[in-house]
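Down below is the structure, laid out as structure tokens.
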Amino acid sequence: MTEVTETMLPGVGVRHEIVTAAGQRIGVLVHHNGRRELLVYDVADPDACSSVVSLDYEETRTLAELLGATRVSEEVHDIIHDIEGQAIEWITVAPDSSAAGTTIGDGNYRSRTGASIVTVIRSEKPVPAPGPEFRLEGGDLVVAVGSSSALRELQGLLEQP
Amino acid sequence: MMFAAGSTETALAFVEIGALALGLALLSRLAGRLGITAVPLYLIAGLAFGEGGLARLDVSEDFAALAAEIGVLLLLFTLGLEYSDVELRNGLQTGVPPGLTDMALNALPGVAAGLLLGWHWLAAVLLGGVTWISSSGIISKSLGDLSRLGNRETPSVLNLLVFEDLAMAVYLPVVAALIVGGTLLATLTSVGVALLTVTLILLAALRFGRRLSRLLLTDSDEALLLGVFGVTLLVAGIAQLFDVSGAIGAFLIGLALSGKVEKRAEQLISPLRDLFAGTFFLFFTFNINPADMPPVILPALALAVVGIVTKFVTGWYAAGRLGVGRKGRVRAGTMLIARGEFSIVIAALGAGLADGSELGAVAAGYVLITAVAGPLITKFADNLADIGSSRKASVGQTVPAAGTNQRRPAAAAT
């Protein structure tokens, strides 16, 4: 992990900053009222911000998703190329479903439905290519590839108790 | 009487207060248009009207005077709200050397000027306070307007403001006790009582703050507003009975509140504060006769020039301690120039002194100049830094171009 420097700004909030490998300094200012500001520091004058982007709650979430989810979608993108003509579905494992708490191997999903689980996203962290020993939990977001009928079948298994 | 509905006096009071509020509204709009805070405009308006001016309040003067006093309490209360105890502790840990430098560089010229003008030493000490304290209102507005909150020199500026605010918690009650005066023994006793009271309230605020916050917390905005307003005035009143400045009581209550109550109280009290504090600034110069201004313009101007330079040095030094480069240090130094609300609060304390009217006039002139010049100068801080560096480079030939060769620590420890 890149080292994050935190600085308290009395009466304003907390500033977090990192320096990228290329030497560019960027930061996030979290105001006490929850508003966020994205800070990009100037190259010539590294104490000043060359641009400041103010973000409300929704915008912060969207940006965080974009930044966090890029890796998943890149991997999914590669798979799409491999299996042209097939569909992709994002399915949330229902907490009360029979799949929650069992491993992917237990469920034997690929043989039963024909759809493959390519990635599981748990608490916003992607687990690419999970093995048969991977245990699904309620709330996991499962990214699966297959024909649309196979995906519908898989959706049933992951959502129904 | 006030409550005799339909009486002519009540009607006149309504007209006066209404005209007053509308006047403040117009000035506040104008200030927004000009991109400055409204305080200097309120001061000018107060001078133009009021004592020796174009028109003065007649029936509603008592009301305006009380409203102005409440304005001071709410100003200090919201200032106390602004910082959490963690931020205060942090500010104290890192801010003492710059804070003391700030005091020495900025308060002493004011004291010296007061003595040079031949004032009583107490009035000179108050003038020291006027020149010392930067305006946190103007500065936080400028930091936001100029998008400098994320800048690396900004913590040094904010930590100085925290230190000044804490220093006020000691300074205000001490001078309030000195003003009450009496024999040496009586004065020493009242200063002692004042410091003791402040310490007790501060300890109680830190210890029972959470409990007080819980007691005041309700879902109803109405109940919360009344509760917070009531506690603030009550504690301020009790503090005043012990000859401790009531404003400090309000400040400490603001400090004590935490969590949800703190956030909601800030939203609820802020409009009330704007209303009352606006009256306070207007009322301050209301009592200054415009005829008193011309003789003090030169001293105020000279003092302002000195104050601009000393604040600049303070900010330059404080930002340098965080490893900030030349441009950032110029921005920090110029950012601190503006004096405002607290200089006026301090000057108002001395209104009853023999040199009180002169003190008020100098303070008004001083605040007018620095409050307008500060935000303007800091807007062009980067240009100032460029001018300075190109001159140096052409003279010395050894100074590296800005930003190329500066030492930069890996992390700012704050």
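Letters A, B, ... mirror the listed sequences (proteins, then strands); counts begin at 1. Side chains included, hydrogens not; waters and symmetry mates left out as well; all remaining heavy atoms used.
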Inset, instruction - Indicate yes or no: at least one non-hydrogen side-chain atom of B:Arg331 is less than 4.5 angstrom from one of A:Asp45. - result: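 They are in side-chain contact.
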Legend entry - Any side-chain heavy-atom pair of B:Glu87 and A:His32 under 4.5 Å: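 Yes, side chains in contact.
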Legend entry - Pairwise distance CZ(A:Arg15) to OG1(B:Thr154) - rounded to 0.5 angstrom: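 The OG1 atom of B:Thr154 is 7.0 Å from CZ of A:Arg15, to the nearest 0.5 Å.
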Legend entry - Lys/Arg-Asp/Glu bridge criterion (N-O < 4.0 Å) met for B:Arg326, A:Asp47: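 Judged by the 4.0 Å cut-off on N to carboxylate O distance, B:Arg326 and A:Asp47 do not form a salt bridge.
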Legend entry - Atom CZ of A:Arg110: over 12 foreign heavy atoms under 6.0 Å: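 Counting other residues, nucleotides and ligands, CZ of A:Arg110 stays at 12 neighbours or fewer.
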Inset, instruction - Using the salt bridge (charged side-chain N to carboxylate O under 4.0 Å, His left out) rule, collect all pairs that involve residues 130-140 of chain A, keeping only residues at least two apart or in two chains. - result: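 Of all non-adjacent pairs touching residues 130-140 of chain A, those that pass salt bridge (charged side-chain N to carboxylate O under 4.0 Å, His left out) are A:Arg122-A:Glu137, A:Arg122-A:Asp140.
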Considering only distance and modelled atom types, tabulate donor-acceptor pairs under 3.5 Å from the side chains of residues 141-151 of chain B, sequence neighbours left out.
{"from": "B:Lys141", "atom 1": "NZ", "to": "B:Asp145", "atom 2": "OD2", "distance (Å)": "2.8"}
{"from": "B:Ser142", "atom 1": "OG", "to": "B:Ile138", "atom 2": "O", "distance (Å)": "3.2"}
{"from": "B:Arg148", "atom 1": "NH1", "to": "B:Thr378", "atom 2": "OG1", "distance (Å)": "2.9"}
{"from": "B:Arg148", "atom 1": "NH2", "to": "B:Thr378", "atom 2": "O", "distance (Å)": "2.6"}
{"from": "B:Asn151", "atom 1": "OD1", "to": "A:Cys49", "atom 2": "N", "distance (Å)": "3.0"}
{"from": "B:Asn151", "atom 1": "ND2", "to": "B:Glu153", "atom 2": "OE2", "distance (Å)": "3.2"}

Inset, instruction - Measure distances from A:Leu9 to the heavy atoms of chain B and classify the residue's part below 4.5 Å as side chain, backbone, both or neither. - result: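 Both backbone and side chain.
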